[in-house]
Amino acid sequence: MRLLILLNVLTLFVLVSLTGCDPAMRQPIMEVVTPPSDSLEMDPLEKAQEAMARVNERRTETYQTAEETGDFSIVFTASENIFKEELGFRKGFWVDLVDIYRQENLDNPEQLEGLDNLQDAFTEKLEDDTLGMFYFTYIGAFDELIVEYLRLSFESPGKSEEELLALFRESVRDEKASVMFP
């Protein structure tokens with residue numbers, strides 16, 4: 001039986017070797033279909049959202065590690081490292097974005113109340129020594145601000161941080177970014 005299978009394979013090999021391929025198969029491919037270039041390029045908002053998705057993946061991994069070890073103190077340092085490694089942010093940069101948001105909403109009592117309530121919740125959890133368990137949830141409220149800053153940086157890659165912060169301030173005034181209170 002083995003000999004018969006081997007003989008059939010050998011016969012097929014010899015037949016293909018002697019006759020060659022179908023002539024149409026030897027012709028070069030005349031038309032190569034390529035996807036439109038715009039489908040390969042993401043717009044600045046999509047790039048910003050993708051970057052924030054990576055941040056959130058890392059946050060989730062860090063939270064799971066903290067949960068497994070029972071040590072939630074790691075989330076504070078990890079958070080700053082994630083922002084630095086994934087987004088290139090300097091330490092505390094996201095706080096600067098929140099400060100700009102607060103300054104630009106001084107005449108919006110609803111937004112200020114939300115920020116104050118969030119700060120009160122931070123303080124309460126800090127006093128209860130449970131802030132680490134909820135930290136990513138709370139700072140996640142500011143993700144939309146970070147996405148807007150990133151969008152601006154992808155849109156204007158040659159601008160300095162100072163110039164980007166000025167554009168960010170305008171975006172906040174124009175209500176292109178807001179805080180999503182948990």
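In D129, the CG atom is not crowded: 12 or fewer heavy atoms of neighbouring residues, nucleotides or ligands sit closer than 6.0 Å. Within 6.0 Å of the CD atom in E162, the count of heavy atoms belonging to other residues, nucleotides or ligands does not exceed 12.
Among all heavy-atom pairs drawn from A48 and V147, the shortest one is CB-O, 3.4 Å. Here the shortest heavy-atom pairing between L145 and F168 reads O-CE1, 3.3 Å.
Under the rule for a side chain to side chain contact (heavy atoms under 4.5 Å, CB included), the partners of E161 that lie at least two apart in sequence or sit in another chain are R90, F93, Y149, L165. Residues meeting the side chain to side chain contact (heavy atoms under 4.5 Å, CB included) test with S153, sequence neighbours left out: L150, L164. Applying the side-chain hydrogen bond (donor to acceptor under 3.5 Å, both in side chains) test to Q111 and every residue at least two apart in sequence or in another chain returns Y101. Residues that satisfy the side chain to side chain contact (heavy atoms under 4.5 Å, CB included) test with I74, not counting sequence neighbours, are T62, T65, A66, D71. Every side chain to side chain contact (heavy atoms under 4.5 Å, CB included) that F134 has, sequence neighbours left out, goes to K125, T130, Y138. Evaluation of the salt bridge (Lys or Arg N to Asp or Glu O under 4.0 Å) rule for E163 yields no partner, not counting sequence neighbours.
Under the 3.5 Å distance criterion, the side-chain polar atoms of E46 are matched with a main-chain donor or acceptor of D43. The closest donor-acceptor contact from the side chain of E104 to the backbone of R169 lies at 3.5 Å or more, if one exists at all.
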| Criterion side chain to side chain contact (heavy atoms under 4.5 Å, CB included) on V179 and N105, from CA distance to verdict | CA-CA 11 Å; V179 174; N105 280 286; over 6 Å; no
| message | What verdict does the side chain to side chain contact (heavy atoms under 4.5 Å, CB included) test give for R173 and E170, after you've listed the backbone C-alpha separation in whole Å, the side-chain angles of each residue and the deciding distance to 0.1 Å? | response | CA-CA 5 Å; R173 272 188 224 127; E170 288 177 34; 4.0 Å; yes
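In this structure, F122 and Y135 have perpendicular ring planes: the angle between them is above 60°, well past the 30° mark.
Here the CZ atom belonging to F89 is positioned 11.5 Å from the CH2 atom belonging to W94, to the nearest 0.5 angstrom. The distance from atom CD of E124 to atom CD of Q119, rounded to the nearest 0.5 Å, is 13.0 Å. With rounding to the nearest 0.5 Å, the separation of CG in L152 from NZ in K176 is 8.0 Å. Here the straight-line distance linking atom CD1 of I82 with atom CD of E57 works out to 11.0 Å at 0.5 Å rounding. For the atom pair NZ (K91) and OG1 (T77), the distance works out to 7.5 Å, reported to the nearest 0.5 Å.
Residues I139 and R59 form a side-chain contact, since some pair of their non-hydrogen atoms from C-beta on lies under 4.5 Å apart. Here the side chains of L97 and F142 are not in contact, with every heavy-atom distance at 4.5 Å or above. You'll find the side chain of M52 reaches within 4.5 Å of the side chain of I146, heavy atoms only. Looking only at side-chain heavy atoms (C-beta outward), R102 and L112 come within less than 4.5 Å of each other.
No path of Ile, Leu, Val, Met, Phe, Trp and Tyr side chains, each step under 4.5 Å between heavy atoms, connects V172 with M180, placing them in separate hydrophobic clusters.
A salt bridge links R151 with E148: the closest approach of a Lys/Arg side-chain nitrogen to an acidic carboxylate oxygen falls below 4.0 angstrom.
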